[in-house]
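Labels below follow one simple rule: chain letters A, B, ... track the order of the sequence lines, proteins then strands, and each chain is numbered from 1.
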Amino acid sequence: MKKVLLATTALVMMAGVANAEVSLGGSARMGMDYDESRASDKIRAAYRTRINLTGSAETDSGLSFSATIRLQDATTTATTNAIGVTVSGAFGSLTFGSSSSAAELAVGDIAGVGYGIIGSEGTTSINDATLIVYTYTAGSLSVIASAGQLGTDDFSLGGSYSANGLTVAAGYEDNGTSKATSASVAYAMGDTTVKAVWMDNEEIAGGDNQIGASVAHKMGAISMAAYYQTTDTAAADDVDYGVGAAYDLGGGAAIKGGFASTDGNTTADLGMTFSF
Amino acid sequence: MKKVLLATTALVMMAGVANAEVSLGGSARMGMDYDESRASDKIRAAYRTRINLTGSAETDSGLSFSATIRLQDATTTATTNAIGVTVSGAFGSLTFGSSSSAAELAVGDIAGVGYGIIGSEGTTSINDATLIVYTYTAGSLSVIASAGQLGTDDFSLGGSYSANGLTVAAGYEDNGTSKATSASVAYAMGDTTVKAVWMDNEEIAGGDNQIGASVAHKMGAISMAAYYQTTDTAAADDVDYGVGAAYDLGGGAAIKGGFASTDGNTTADLGMTFSF
Amino acid sequence: MKKVLLATTALVMMAGVANAEVSLGGSARMGMDYDESRASDKIRAAYRTRINLTGSAETDSGLSFSATIRLQDATTTATTNAIGVTVSGAFGSLTFGSSSSAAELAVGDIAGVGYGIIGSEGTTSINDATLIVYTYTAGSLSVIASAGQLGTDDFSLGGSYSANGLTVAAGYEDNGTSKATSASVAYAMGDTTVKAVWMDNEEIAGGDNQIGASVAHKMGAISMAAYYQTTDTAAADDVDYGVGAAYDLGGGAAIKGGFASTDGNTTADLGMTFSF
């Protein structure tokens, strides 16, 4: 293969076409993962490449459009994913595409661990087919609303506010048969970030509470994270926890590894990641 | 995602490799569509992104090669499409790929309406699997021949001639069991273009005539189009018509909408489109 | 489609992001092929486009990462292929991806013929699902080891050494139930290259030997190649042979054609290829 080498963020513009472009970027990882629940081959080699192709345009009045197609190539399957189309301007940002719900987007997850994000960290959404997302940001305040296809009942609201390192967020989801309410608090103190997430979810059998917390800390090239999360069910309380570490290799690459226990099942991974 | 921003039409060349390149471009749209024939959810949100990757090369003697792969990401499915490979030179242009028939390419469609092209405007091809297309252009005259895979019966001829704003075209299709003949006349007067298309198609049950006409007009940033088309069948005459408008936002983006009636079924859409 | 024309090997870099990039390149072909074994349509038109998207990054300490996704568009199908992720440095090169076995990589094939590589030239691997490949190169010596997914039995070793135009290589494959040993010798004398490949393969029914030889010669813009190969089986000795020629059109394009006989079945092709 002959090569077209394009430094990311390189900007090549010609007079008259300054407002239409295609950008390329992505990430890849390779490593090993362990899953106690697999009948055999508990340790496996794995890799994944994602390349995003994003077309964008800007109108004379300053309205911005973008559309992304994601190519994904993983150990067992290669897929082309529907990321969606976005228009944004002073009115905010409107996306038609495959997305998390407004509540998930606002409340976010606690810190994940592992080179491929193992274990279970974050709340359980009840909006499985979000198609439309509207976001309005005014300074430190973000308000998000989302819905499934018109005619379906998926609907969600989320909001977040940040000040002095503290971010508080809340979310609401409804899918026509059940509802979920969620909230999170995150606080960044220098190189340390702590976050707690809570959800009251009518769809979790026999119970309805998820609560989790994480701490992430950075020391030079080394980053560490740990999380703990419980989910109440009728039978028992599920307990999930994990710890992970990353070493920054520079140039967008890192070595990452993690260990997680999800309702008693142990997973672990170790590998290299890079973005481009 | 880090970004490689590439202004479309930007040309980056290095000595010695001036004749081999990859180009990226595409279009996207997002909006709403209405279809009276849907049992439920007659109004839906929809989007589609298409990104074309085209590799090209030019030989020392001036022969040009190009090959295109199209990535498509729509509301429900993401696909990678077979566009084909083309060689062109003084002899004309020869494409192996997934294409419309020569007749369709020459005769063309009447004006379409809507942000996603709704309704039914244009003739019905009987060549469903065109693989090979040859085009020769000499000034205002274009001659096109197409065929399906060798050993199949799909074959088509088309030709068009343009002068002083007037374009006349004719086409012939044969698929081994039936034949179709078509013709079109288009006339552009300043910002107004009128076009009429006629087809005699042995495959249309109980009848064999399609005739349609359209008018498209441009006033500054606003474009409007309307079409009317009838298809004779044994049972009845199908009547299709539609009207649409577009507002150019600059930078390759537009707001477009349309209303169409196809054999009594009403469809409509409204959305934004952009190219990059 | 608007065009982003990027000369291959063009290098656009900005300070601070010099070590992360996406490269595009590929190849395409169009032509005709003949296969005596087809019940009908022995002659067919065919085309294929391949575009590779490769993301890469380099760490501060000089470790290189790359990841490739390949888009392929052929006469009947379009696919996205899993090529894999590679990390390389002073320690050598480690790839997780879809690959040939170490033995195949080291021993290589005898010269192929045809614009689409017809016939049968090269040995038969018994490692069908190679996932991990490690390569270490020191001057003229290359050592390669490969394995399937952890927990499977696919394993292979290969090595090659080149000096004064002579390349010798050997390989070993094991899949848990059978083994194969292979070797090759190649010698380049100016514009002529001769190569012989031998394999002892326990999986070939009733026999276990493959032996083949090829000669390739270049005269100005014209290249020619021929090969002869036998495979012992219990029933009979399969004999495969082929001859081919190519004419370099410059700019990365060529006209190529070939004729091959594979165990008595005749195939032939003729077409154009180009890379970009």
Side-chain angles (χ1 to χ4, degrees), chain A residues 2 4 6-27 50-61 63-71 79-87 94-98 131-132 147-152 252 275-276, chain B residues 1-12 17 20-34 38 40-53 55 57 71-80 221 248-255 271-276:
Chain A
K2 292 176 184 178
V4 181
L6 302 170
T8 51
T9 75
L11 187 55
V12 185
M13 285 199 182
M14 303 285 280
V17 291
N19 48 10
E21 55 220 16
V22 178
S23 67
L24 300 175
S27 62
R50 281 182 166 174
I51 299 180
N52 295 303
L53 298 94
T54 299
S56 58
E58 189 176 325
T59 69
D60 298 345
S61 63
L63 214 55
S64 293
F65 289 93
S66 70
T68 298
I69 290 180
R70 187 176 72 193
L71 302 173
T79 52
T80 302
N81 293 106
I83 303 300
V85 180
T86 298
V87 55
L94 177 67
T95 296
F96 283 14
S98 179
L131 173 63
I132 303 170
Q149 180 55 274
L150 306 182
T152 65
S275 58
F276 45 84
Chain B
M1 184 182 72
K2 291 177 185 179
K3 285 168 193 294
V4 182
L5 301 184
L6 302 169
T8 51
T9 76
L11 187 55
V12 185
V17 291
E21 56 219 14
V22 177
S23 67
L24 301 174
S27 62
R29 63 189 192 209
M30 62 190 294
M32 306 283 185
D33 59 54
Y34 167 86
R38 288 200 283 252
S40 61
D41 305 334
K42 290 178 195 298
I43 299 183
R44 288 189 184 165
Y47 69 91
R48 191 187 74 180
T49 304
R50 282 183 166 174
I51 299 180
N52 295 305
L53 297 94
L71 302 174
Q72 178 166 316
D73 157 19
T75 310
T76 51
T77 55
T79 53
T80 302
D248 187 349
L249 297 168
I255 296 175
M272 289 170 286
T273 69
F274 62 104
S275 58
F276 46 84

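Listed here is the closest heavy atom pair of Ile69(A) and Leu71(B): CD1-O, 3.5 Å. Contact record, Phe274(B) with Ala57(A): CD1-CB, 3.7 Å, taken as the closest heavy-atom pair. Minimum interatomic distance between Arg48(B) and Val85(A) (heavy atoms only, all atoms of both residues): O-CG2, 4.2 Å. Minimum interatomic distance between Ala253(B) and Thr59(A) (heavy atoms only, all atoms of both residues): CB-CG2, 3.6 Å. Residue Leu150(A) comes nearest to Arg44(B) through the heavy atom pair CD1-C, 3.9 Å, listed as atom of the first residue, atom of the second, then distance.
Here the straight-line distance linking atom CG of Asp73(B) with atom OG1 of Thr68(A) works out to 8.5 Å at 0.5 Å rounding. Met30(B) contributes atom CE, which lies 8.5 Å from atom CD1 of Ile132(A) (distance to the nearest 0.5 angstrom). How far CG of Asn52(A) is from CD1 of Ile51(B): 9.5 Å, rounded to the nearest 0.5 Å.
For Leu94(A), the parts lying near chain B are the backbone and the side chain together; criterion is any non-hydrogen pair under 4.5 Å. For chain B, the nearby part of Ser66(A) is the backbone; its heavy atoms alone come within less than 4.5 Å. Residue Thr49(B) touches chain A through both its backbone and its side chain, counting heavy-atom pairs closer than 4.5 Å. Proximity to chain A (any heavy atom under 4.5 Å) is shown, for Ala254(B), by neither the backbone nor the side chain.
For Arg50(A), the side chain to side chain donor-acceptor pair (under 3.5 Å) partners at least two apart in sequence or on another chain are Gln72(A). Shown here are the ring pair (Phe, Tyr, Trp, His ring centres under 6.0 Å) partners of Phe96(A), two or more places apart in sequence or in another chain: there are none.
The choice from Ala46(B), Ser40(B), Ser27(B) that makes the most heavy-atom pairs within less than 4.5 Å of chain A is Ala46(B).
Side-chain atoms of Gln149(A) come within 3.5 Å of backbone N or O of Ala45(B) as a donor-acceptor pair.
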